[in-house]
Amino acid sequence: MPKLSLEEVEHIAQLARLNLSRAEKDMFRDQLSAILDYADMLNQLDTTGVPPAASALPLRNVMRRDQVRPSLPPQDALANAPDTEADQFRVRAILEQS
Amino acid sequence: MAELHWSTIQAAQAMLRRGEVSSVELTQALVERILAVDNDVRAYISLLPEEALAQAEAADRRRSAGDDTPVLGIPLAIKDVLCTQGVSTTCGSRILENFVPPYDATAVARLRAAGAVFLGKTNTDEFAMGSSTEYSAFFTTGNPWDLERVPGGSSGGSAAAVAAGETLGAFGTDTGGSIRQPAAMCGVVGLKPTYGRVSRYGLVAHGSSLDQIGPLTRSVEDAAILLGCIAGHDPLDSTSLDAPVPDYQREMKSGSGLKGMRVGVPQEYFAQGIEAGVETAVRAALDVLADLGAELVHISLPHTQYCIPIYYLIATAEASSNLARYDGVRYGLRVDTPTMWQSYYDTRQAGFGPEVKRRIMLGTYALSAGYYDAYYLKAGQARTLLRRDFERAWEEVDLIACPTSPSVAFKMGQKIDDPLQMYLTDVFTVSLNLVGMCGISIPCGFSDGMPVGLQFMGPALGESTILRAAYAYQQATDWHTRRPPL
């Protein structure tokens with residue numbers, strides 16, 4: 001039995017906004033199950049009271065003054081956009097989700 | 001005069017300074033070499049011969065005006081995950097196939113300001129996710145030592161270009177070994193700096209707590225030169241370290257080399273499925289270190305076997321979050337549909353290749369409700385245990401020596417259908433990214449006719465130490481001077 005069901009694969013794909021084909025769903029179910037089985041070796045570790053490392057090295061907050069500084073001109077910031085209008089990114093309607 | 005395209009950066013620097021060659025002549029020689037061999041090697045995604053020659057002319061003018069920098073007029077290559085203003089930056093992905101960044105990455109900007117010449121952008125696994133360049137959406141790069149084998153990855157294009165004489169040096173990125181592993185497989189030097197040593201600004205994000213930019217070169221000295229050009233604090237990257245940048249070239253040559261250095265040999269790095277020929281070459285290199293006066297100390301890094309699951313849970317979780325930005329709104333591919341909602345799905349489905357989707361799926365799962373504690377949190381705790389392994393090691397030794405990769409370069413297609421086998425090729429490199437420390441891979445012999453890499457690991461900001469050891473090794477050996485039959 002693979003670790004993941006087809007329904008779980010579909011649920012993850014939906015969270016990740018991927019419109020997977022049936023063949024991809026089957027492939028990922030098998031491959032991700034094998035990888036997660038391998039990752040289960042972490043359960044051998046006693047991590048009681050061990051703090052998780054969120055970063056490679058200790059980090060500190062970095063603050064700066066909230067000042068206006070030079071930034072990309074709008075035409076440069078929009079240059080790679082698939083669609084623009086009046087110095088803005090243009091998208092399809094977003095309120096038609098059923 | 002020896003063929004210019006095989007020159008080291010250090011030698012080219014000397015020739016430029018003495019006026020024996022111009023940057024235009026040097027750049028011309030590299031462009032000719034690329035035209036002669038890149039149809040076979042396929043190291044470059046995009047070539048910039050005209051721009052490079054214009055930069056070379058500008059560098060020659062700067063030099064005749066009395067200017068000088070370590071890379072003034074030196075031709076270099078850039079992995080195609082680093083933003084280059086006005087030059088396409090694809091990340092080896094269909095989703096960014098037509099992306100032209102409006103700004104330079106900080107590392108690129110520093111090189112540009114220093115007068116470096118950019119020959120082109122090199123091939124990579126899509127979004128630097130892979131160990132062979134086979135996951136590039138465009139093509140697979142060949143290993144210059146055997147074109148039917150992979151060059152390693154993900155910075156395989158940069159490693160192959162350096163090994164094939166198609167550039168004097170290159171830049172790559174290393175999230176889990178993506179500089180060191182291809183350097184080992186192509187027989188060149190590859191250095192992963194300490195996390196934060198080099199600004200990540202303008203590096204297209206993969207795993208943000210792991211990514212670092214570093215050089216690939218034909219000598220340790222060249223790696224020291226290039227690191228010095230890109231290292232240092234950057235206000236645009238809040239994780240960049242505010243520590244002074246030493247003169248690596250000078251520090252590398254100071255002191256008495258390996259004499260008296262305590263070199264840790266971790267038993268776990270000679271156990272896990274290592275090829276016999278790789279072990280033989282690396283053990284012979286350890287003998288050389290001892291001959292040069294190093295004291296070999298047997299050590300243990302007991303959590304080594306957990307590195308691959310820790311890494312692939314954390315790296316994919318970070319990647320799934322970073323790659324959420326590809327929504328077809330501000331840049332990149334958009335598959336147009338009547339509703340925005342559907343456009344997200346169709347754009348990402350069409351734009352991402354199989355390995356990127358696999359990692360987004362794995363990372364999304366590890367972060368999702370109900371599984372976060374079992375996978376992502378558990379991996380984070382195990383990462384702390386791994387860090388403690390290394391902290392204990394630094395109480396005993398100055399640096400660690402081990403293989404870079406358990407195998408030499410494998411045949412194209414050999415691992416492409418088995419992601420877990422592909423992930424296991426990173427077994428000796430991911431640890432350093434997880435603990436944020438520095439490492440370098442240098443050539444130390446051959447197995448089956450293919451190069452073998454020796455890895456030195458150092459503590460945070462220990463670049464001078466690993467460079468000094470690597471330089472001393474190269475002074476006593478000639479593996480780094482071997483050239484592939486191209």
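Order of the sequence lines fixes the chain letters, A, B, ..., with proteins taken first and strands second; residue numbering starts at 1 for each chain. Just so it is clear, the values below take in all heavy atoms, side chains as well, and ignore hydrogens, waters and symmetry mates.
Here the two rings, on Tyr201(B) and Tyr103(B), have centers that are under 6.0 Å apart.
Ranked by heavy-atom pairs shorter than 4.5 Å toward chain B, the options Val9(A), Leu15(A), Leu18(A) are led by Leu18(A). Annotation: maximal heavy-atom pairing with chain B below 4.5 Å, among Gln31(A), Arg90(A), Glu8(A), occurs at Gln31(A). Counting heavy-atom pairs closer than 4.5 Å to chain A, the top residue among Leu313(B), Leu385(B), Asp242(B) is Leu385(B). Each of Arg60(A), Met27(A), His11(A), Gln44(A) has some count of heavy-atom pairs under 4.5 Å with chain B, and the biggest count is that of Gln44(A). For chain B, the option among Leu20(A), Leu4(A), Val62(A), Asp76(A) with the highest count of heavy-atom pairs below 4.5 Å is Leu20(A). Interface summary for chain A: among Asp418(B), Asp327(B), Thr337(B), Leu434(B), the most heavy-atom pairs under 4.5 angstrom belong to Thr337(B). Counting heavy-atom pairs closer than 4.5 Å to chain A, the top-ranked of the candidates Glu318(B), Arg388(B), Arg348(B), Arg387(B) is Arg348(B). Between chain A and the options His303(B), Lys357(B), Met437(B), Arg358(B), heavy-atom pairs under 4.5 Å are most frequent for Arg358(B). For the options Val329(B), Ile360(B), Leu420(B), heavy-atom pairs under 4.5 Å to chain A are most numerous at Val329(B). No other option in Ala53(A), Pro73(A), Ala79(A), Ala81(A) has as many heavy-atom pairs under 4.5 Å with chain B as Ala53(A).
The side chain to side chain donor-acceptor pair (under 3.5 Å) test with Asp211(B) singles out one residue from Thr175(B), Thr239(B), Thr173(B), and that residue is Thr175(B).
For a residue to count as touching a neighbouring chain, one of its non-hydrogen atoms must lie under 4.5 Å from one of that chain's; by this rule Ala324(B) does not touch chain A. Residue Leu78(A): no heavy atom, backbone or side chain, is found under 4.5 Å from chain B. In this structure, the portions of Gln14(A) lying under 4.5 Å from any heavy atom of chain B include both its backbone and its side chain. Looking at Leu96(B), neither its backbone nor its side chain comes within 4.5 Å of chain A, counting heavy atoms on both sides. The part of Leu72(A) that comes within reach of chain B is its side chain, from C-beta onward, which places non-hydrogen atoms under 4.5 angstrom from that chain. If you measure heavy-atom distances from Ser343(B) to chain A, you find no contacts under 4.5 Å at all. Contact annotation for Tyr376(B): neither backbone nor side-chain heavy atoms come within less than 4.5 Å of a heavy atom of chain A. Heavy atoms closer than 4.5 Å to chain B are found in the side chain of Asp40(A), but not in its backbone.
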(message) Apply side chain to side chain contact (heavy atoms under 4.5 Å, CB included) to residues Ile12(A) and Ser368(B) and explain how you reach the verdict.
(response) CA-CA 8 Å; Ile12(A) 305 162; Ser368(B) 65; 5.6 Å; no
(request) Carefully, step by step, assess Arg197(B) and Glu463(B) under the rule salt bridge (charged side-chain N to carboxylate O under 4.0 Å, His left out). (result) CA-CA 10 Å; Arg197(B) 178 72 289 188; Glu463(B) 281 84 359; 5.4 Å; no
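Arg92(A) places none of its side-chain heavy atoms less than 4.5 Å from the side chain of Trp341(B). The shortest distance between side-chain heavy atoms of Met129(B) and Leu323(B) falls below 4.5 Å.
Atom OG in Ser431(B) sits 7.5 Å away from atom CG in Asn433(B) (nearest 0.5 Å). To the nearest 0.5 angstrom, Phe89(A) atom CZ is 9.0 Å from Asn80(A) atom CG. In this structure, OH in Tyr371(B) is found 9.5 Å from CG in Leu36(A), a value given to the nearest 0.5 Å.
One side chain, Asp426(B) or Ser131(B), offers a donor N or O that lies under 3.5 Å from an acceptor on the other.
Taking the six-membered ring where the residue is Trp, Tyr326(B) and Phe352(B) present perpendicular rings, their angle passing 60° and hence far from 30°.
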